[in-house]
Amino acid sequence: MISEVRNQIKGILQDAINAAIQSGDLPHVNTPDIPFSPTKAPEHGDIASPIALSLAKTAKTSPRKIADAIASHVQLEESFLIRKVEVAGPGFINIYLSKLWVYNVLKTIKEAGANFGHSNHGEGIRVQVEFVSANPTGPINIVSGRAAAVGDALVNLLNAVGYEAIREYYVNDAGGQVENLGASIDVRYRELLGQGGLEIPDGGYHGTYLVNLAQSIIDESGAEYLQIDDTERIAVFRDLGIERLLAVQKATLERFGVHFDIWSSEKALRENGKPGEIIKVFRERGYLYEADGATWFRMTDFGDSKDCVVIKSDGEYTYFVPDAAYHRDKFERGFVKAIDLLGPDHQGHVEHLKHFVEALGLGDDWLEVWIIQQVNLIDAEGNRIEMSKRSGQFYTLDSLIDELAEAVDDRFAVDVARYFFLMRSNTSHLDFDLHLAVTQANENPVFYVQYAHARCCSIFREMENQGIAQTEMDEGIAEHIDDPESLRLIRHLAEYPEVVLNSAEKREPHRLTHYVFELAGLFHGFYNEHRVLDPSNSHLTQVRLMLVGAVQTVLRNGLTLLGISAPKSM
RNA sequence: GCGCCCGUAGCUCAGUUGGAUAGAGCAACUGACUUCUAAUCAGUAGGCCGCGGGUUCAAAUCCUGCCGGGCGUACCA
């Protein structure tokens, strides 16, 4: 809504510039698209434009003079929007918005309610967001937890601005990794049954969760599987392992509040012959050649430094093939855009993936790939825990939630985790300081935001206790708002739809996290400075109730998009 | 070597299409509860925005060269 205002002001300033040129106050210049700069301080008005600064060179006049000329030609009386125009600093044109605008902001928020901030910008375009997609070879760790929080919020954001976005999880339930899983379980199984001298195979999984898994198999059926031959047993354990570990992953994600719309299976993809189709397409288009007993893809045709193997000399596909097939499958399912959130260990894969998509002719910007950077956990002793599934050293999302639940209220454990994951930009490494999250639970930023919402709710409860009724708001009532705290709040509220749009379009949910935190801060400041329910001044009470209602709505909307609860009391 | 990411206050990090005096939180210090919730607020202190060049009226932001850190660079996924 601030952007609509900006467009109107653009028109007003353009008219003023034209008028200034007509009257000879300004030399004839071609005006570029009128820029705006964010106003950081209230003395810079509500909206500011550095247009005079950029015109200075072509107009060959000082920016200050240009700004004065433009400002003097702004038709204040014809605008319901602008209250005052000032020239400041080196030549900024600062614009102060009218009380009518204040009224419009509050009214719009009240009428839109839970839909405030939503738009149809995406025009119903179908978007598929693939995230987490952890191999079904172990529990969900906190790196995947970060991706889960980011992906989930991103889909919320996309849907809020009018896309039709869905959440998808690609299960790598075929290929070498799951063979290693079967072999690793087999080792644990035989160890538990007393066989010595066994070692987890290369590329296998060392985590103790496989010991537990093997134990549960023994609990159920004893040493029964020792009767069958090795390869068969490993295959049984592979399938059993996938099934159980996937179930654990699903349970963890549900607990974390992330619900995937589609679970895609690599195994099913292979059984449907999709990888073979891809190979056929690549071969027809001349991207493949044979060397050293393997089949290679001409990655160098796409500017890469070397080609890569797609069919190994043992006849197996490398993971590229089903992966490329999977992306073609996404396209065939009708998604106009695919967004992949990948972990930091897949970084080298990004370019390859894009080249495969290019080779399939799916369009340049059809696929977006984002790397969600690494998470390091700082434990209570200040030790940095490195995440690596294969070394068996990892910290699971479940244990994170468990620890948070122990330290803070149960109902907020997931909120805290999600908030921490959504605080940082995706490209930054994230140090999840558990020590801080746990021991200083009360100063936790997520509570700061939630508390602001709870306070809003509390005011309305008190309103009812005192038997105060909310009246319909009219334009005149906005005249009663003129304190700086309220005006700053309103200006910030008006920016919300733009923040939602930017967060969605730039795929950066953390912008919204920062926004709600700032909004909470502004509200806490307002709350301490002003009393809302004032029996001696019903006009003021009414307009402030309106404001508190707007803050409550926007906090709740923002937190909801982030997947964080907005408690009514704390 | 090549590629990607990062470098901003003691620590962890924001910083929008380049805009006015670079911001938060934590840690430190000083104050504010007879009040709609003090899980709060107000204030103090803390900065060659890694370094050097360039573009611009204007650079934390764009370009370039260094320095430092993380990750990736398989006939693994």
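None of these values were measured; they are calculated from a predicted model. Naming convention: chains lettered A, B, ... in sequence-line order (proteins, then strands); numbering from 1 in each chain.
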How are the rings of [X] and [Y] set to each other: parallel, tilted or perpendicular (split at 30° and 60°)?
{"X": "A:F302", "Y": "A:Y287", "value": "tilted"}
{"X": "A:F526", "Y": "A:H530", "value": "tilted"}
{"X": "A:Y515", "Y": "A:H492", "value": "parallel"}
{"X": "A:H349", "Y": "A:H346", "value": "tilted"}

Using whole Å, report how far [atom1] of [X] lies from [atom2] of [N].
{"X": "A:I311", "N": "B:A77", "atom1": "CD1", "atom2": "P", "value": "13 Å"}
{"X": "A:R424", "N": "B:U8", "atom1": "CZ", "atom2": "P", "value": "13 Å"}
{"X": "A:Y419", "N": "B:A14", "atom1": "OH", "atom2": "C1'", "value": "11 Å"}
{"X": "A:H429", "N": "B:G72", "atom1": "NE2", "atom2": "P", "value": "10 Å"}
{"X": "A:E495", "N": "B:U16", "atom1": "CD", "atom2": "P", "value": "14 Å"}
{"X": "A:I200", "N": "B:C76", "atom1": "CD1", "atom2": "P", "value": "20 Å"}
{"X": "A:D304", "N": "B:G3", "atom1": "CG", "atom2": "C1'", "value": "9 Å"}
{"X": "A:H530", "N": "B:C36", "atom1": "NE2", "atom2": "P", "value": "17 Å"}

For a quick check, tell me whether the side chain of [X] and the base of [N] share a donor-acceptor pair closer than 3.5 Å.
{"X": "A:Q373", "N": "B:C5", "answer": "no"}
{"X": "A:Q374", "N": "B:C71", "answer": "no"}
{"X": "A:D173", "N": "B:A77", "answer": "no"}

Candidate nucleotides B:C4, B:A77, B:U35, ranked by approach to the side chain of A:R531 - the nearest: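 Among the listed nucleotides, the one closest to the side chain of A:R531 is B:U35.
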
When you check the phosphate oxygens OP1 and OP2 of [N], does a side-chain N or O of [X] lie under 4.0 Å from one of them?
{"X": "A:S37", "N": "B:U16", "result": "no"}
{"X": "A:H510", "N": "B:C13", "result": "no"}
{"X": "A:R455", "N": "B:A38", "result": "yes"}
{"X": "A:T427", "N": "B:C6", "result": "yes"}
{"X": "A:Y527", "N": "B:A38", "result": "yes"}
{"X": "A:K506", "N": "B:U17", "result": "yes"}
{"X": "A:S425", "N": "B:A14", "result": "yes"}

Tell me if the centroids of the rings in [X] and [Y] come within less than 6.0 Å of each other.
{"X": "A:F320", "Y": "A:H352", "answer": "yes"}
{"X": "A:H453", "Y": "A:F523", "answer": "no"}
{"X": "A:F297", "Y": "A:F282", "answer": "yes"}

Bracket notation of RNA chain B in which parentheses pair within the strand, [ ] cross earlier pairs, and | pairs with another strand (Watson-Crick or G-U, under 3.5 Å): (((((((..((((.....[...)))).(((((.......))))).....(((((..]....))))))))))))....

Salt bridge (charged side-chain N to carboxylate O under 4.0 Å, His left out) partners for A:E529, two or more places apart: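 By the salt bridge (charged side-chain N to carboxylate O under 4.0 Å, His left out) rule, A:E529 matches no residue at all.
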
Select base, sugar-phosphate, or nothing to describe what [X] touches, counting heavy atoms under 4.0 Å on all strands.
{"X": "A:S313", "value": "base"}
{"X": "A:P344", "value": "sugar-phosphate"}
{"X": "A:N465", "value": "nothing"}

A:Y448 over B:A39, stacked by centroid distance under 5.5 Å, angle under 30°: no

Aromatic stack A:H44/B:A20: centroid gap under 5.5 Å, interplanar angle under 30°: yes

